[in-house]
**Student:** 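After the structure tokens below, expect a handful of questions from me.
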Amino acid sequence: MTAIPPLDPPARLLMGPGPISAYPSVLRAMSAPLVGQYDPFMTGAMSDTQELYRQVWATENDATLLVDGTSRAGIEAALVSLVRPGDRVLVPVFGRFGHLLAEIAERALAEVHRIEVEWGQVVPVSLIEEAILRVKPHVLALVQGDTSTTMNQPLDEVGAICERHGVLFYTDATASLGGNPFEADAWGVDAATAGLQKCLGGPSGSAPITLSDRAVEAIRSRKRIEAGIREEGDESASDFVRSNYFDLGMILDYWGPRRLNHHTEATSMLYAARECARVLLAEGRDAVIERHRLSGAAMLAGVEGLGLTVFGDVAHKMHNVVAVEIPDGVPGDAARGALLDDFGIEIGTSFGPLHGRVWRIGTMGYNARKDTVLTTLAALEAVLRRFGASVPAGGGVEAASEVYSGAAG
Ligand SMILES: *Cc1c(COP(=O)(O)O)cnc(C)c1O
């Protein structure tokens with residue numbers, strides 16, 4: 001039997017829609033020594049992380065913490081904890097992740113109502129309000145940035161509408177947080193979740209979450225069940241959260257002052273999440289958003305400079321990802337393969353109605369930089385040419401460089 005060699009991943013530049021190459025300091029933080037679950041250092045690191053993420057989310061919510069697991073662990077925790085079986089949940093769908101929210105709400109036995117718009121558009125706020133009046137949901141579940149279409153749903157007016165109609169407002173900000181504006185308190189968001197592997201510049205595996213007092217109240221109003229012991233008056237079996245791991249009531253008690261034992265906090269992921277927020281805030285929240293805006297604009301100009309067509313309503317595009325139509329005659333998967341094999345650069349394929357039609361190119365977190373944008377455009381030009389597309393020589397790099405020098409001047 002041949003010995004399995006030590007782990008030695010290839011050097012890759014991850015320029016897809018996520019995951020992305022992590023900040024070097026995040027990888028360093030993950031290799032820091034482990035401490036015990038209730039070591040004062042550990043509980044201190046947890047409190048620091050809460051404080052850092054309050055600033056990332058722009059909130060004063062006490063209930064700001066991490067759910068252990070990838071982004072959908074956060075989504076699932078929010079929905080199973082906020083939604084009782086039979087509750088109505090309204091899900092506006094403008095891409096793949098809207099369908100995911102609807103599916104998770106269905107698994108939580110909600111009565112799910114979807115409204116859908118064509119991929120490449122966002123949902124008009126008037127349509128959301130009209131549906132709220134018609135459906136009278138307990139929860140509105142709305143994606144902010146949907147990487148499947150690159151669209152960034154405007155949220156700033158949605159919270160006020162929800163509050164007027166007594167609806168809890170949950171949003172999945174996984175793809176958008178850190179690279180696009182997000183204002184949990186100013187926008188009246190009741191629950192929001194994210195992951196690290198997009199604009200926050202870390203690996204997947206930790207899901208930051210923030211909950212308003214209203215959301216915490218809704219979660220606390222559910223009956224408790226712990227180690228098989230049920231609270232009095234729980235005859236209605238539907239009242240306790242049907243998951244132990246994702247029961248936010250228990251997770252809140254674990255992160256709160258009582259530090260009641262629940263799961264064992266994933267120490268290395270906590271270090272990663274803490275460092276993602278720390279580097280973001282050290283650079284400055286607005287500065288990081290501006291860096292994403294600038295590199296996103298440069299990548300957009302660059303692909304257009306190569307003669308490619310951008311998919312979707314560009315006015316509502318997220319800063320951190322662009323979808324480009326694959327030119328006629330170019331084999332999409334073979335071209336992506338050549339980018340990876342010959343240049344070590346990964347870009348993304350697409351799902352559903354866009355499969356085989358567009359590539360998705362990300363500029364997020366650590367990789368929202370001039371050198372990564374120009375390198376990717378130069379490599380893309382070479383690959384397009386190799387597969388027979390006629391592209392303007394240097395057109396991508398030149399157009400992107402102009403965006404950067406415009407910003408510098
Ligand atoms: C990328 C993404 C996710 C990813 O979920 P994981 O569980 O981390 O794979 C979730 N929601 C949205 C909107 C995303 O863009």
Side-chain angles (χ1 to χ4, degrees), residues 14-22 26 57 66-80 91-105 107 114 116-117 119-123 140-155 158 169-182 189 191-210 243 245-246 266 269 272-273 276 292 296 311-312 316-323 346-352 354 358-365 367-368:
L14 300 182
M15 300 297 285
I20 43 68
S21 320
V26 171
W57 290 113
L66 306 175
V67 176
D68 286 355
T70 68
S71 321
R72 76 184 61 201
I75 301 171
E76 196 140 352
L79 290 176
V80 301
V91 187
V93 176
F94 58 100
R96 175 174 189 248
F97 287 101
H99 287 298
L100 178 67
L101 300 191
E103 182 206 306
I104 291 176
R107 287 176 189 265
R114 291 176 173 83
E116 291 190 45
V117 296
W119 284 36
Q121 309 293 319
V122 294
V123 188
L140 171 74
L142 178 59
V143 173
Q144 184 187 28
D146 199 312
T147 34
S148 67
T149 69
T150 77
M151 291 299 105
N152 191 15
Q153 172 69 38
L155 301 182
V158 175
F169 174 24
Y170 161 70
T171 188
D172 173 8
T174 302
S176 41
L177 184 69
N180 304 266
F182 192 95
V189 174
T193 61
L196 304 185
Q197 77 270 31
K198 309 278 170 81
C199 303
L200 294 175
S204 70
S206 178
I209 182 170
T210 190
S243 166
Y245 194 64
F246 292 134
M269 285 312 305
C276 286
H292 281 85
F311 169 80
H316 287 106
K317 195 182 80 57
M318 275 186 282
H319 291 153
N320 48 298
V321 58
V322 64
E346 180 178 286
I347 64 169
T349 177
S350 297
F351 303 105
L354 296 181
V358 307
W359 291 314
R360 291 173 304 148
I361 306 177
T363 42
M364 36 186 126
N367 283 351

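Whatever order the structure lists ligands and atoms in, that order sets their numbers, starting from 1. For reference, positions follow the sequence shown, starting with 1.
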**Student:** Does the side chain of L142 reach to within under 4.5 Å of the side chain of F94, using non-hydrogen atoms?
**Tutor:**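 Touching, per the 4.5 Å side-chain cut-off.
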
**Student:** Using the salt bridge (charged side-chain N to carboxylate O under 4.0 Å, His left out) criterion, which residues pair with E116? Sequence neighbours excluded.
**Tutor:**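 With neighbours one apart ignored, the set is empty.
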
**Student:** Got a donor-acceptor contact below 3.5 angstrom from the N180 side chain to the H319 backbone?
**Tutor:**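 Yes: the side chain of N180 pairs with the backbone of H319.
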
**Student:** I'd like to check the side-chain hydrogen bond (donor to acceptor under 3.5 Å, both in side chains) partners of N152; sequence neighbours left out, ordered by chain and number.
**Tutor:** none

**Student:** Check each protein residue for a heavy atom under 4.0 Å from ligand 1 and list those that pass, ordered by chain and number.
**Tutor:**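 For ligand 1, the contacting residues are T70, S71, R72, F97, V143, G145, T147, D172, T174, A175, Q197, K198.
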
**Student:** Using modelled atom types and a 3.5 Å cut-off, is there a donor and acceptor pairing between side-chain atoms of D68 and backbone atoms of A266?
**Tutor:**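 At least one qualifying donor-acceptor pair exists.
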
**Student:** Under 3.5 Å, sequence neighbours excluded: what are the donor-acceptor pairs made by side chains of residues 195-207?
**Tutor:**
none

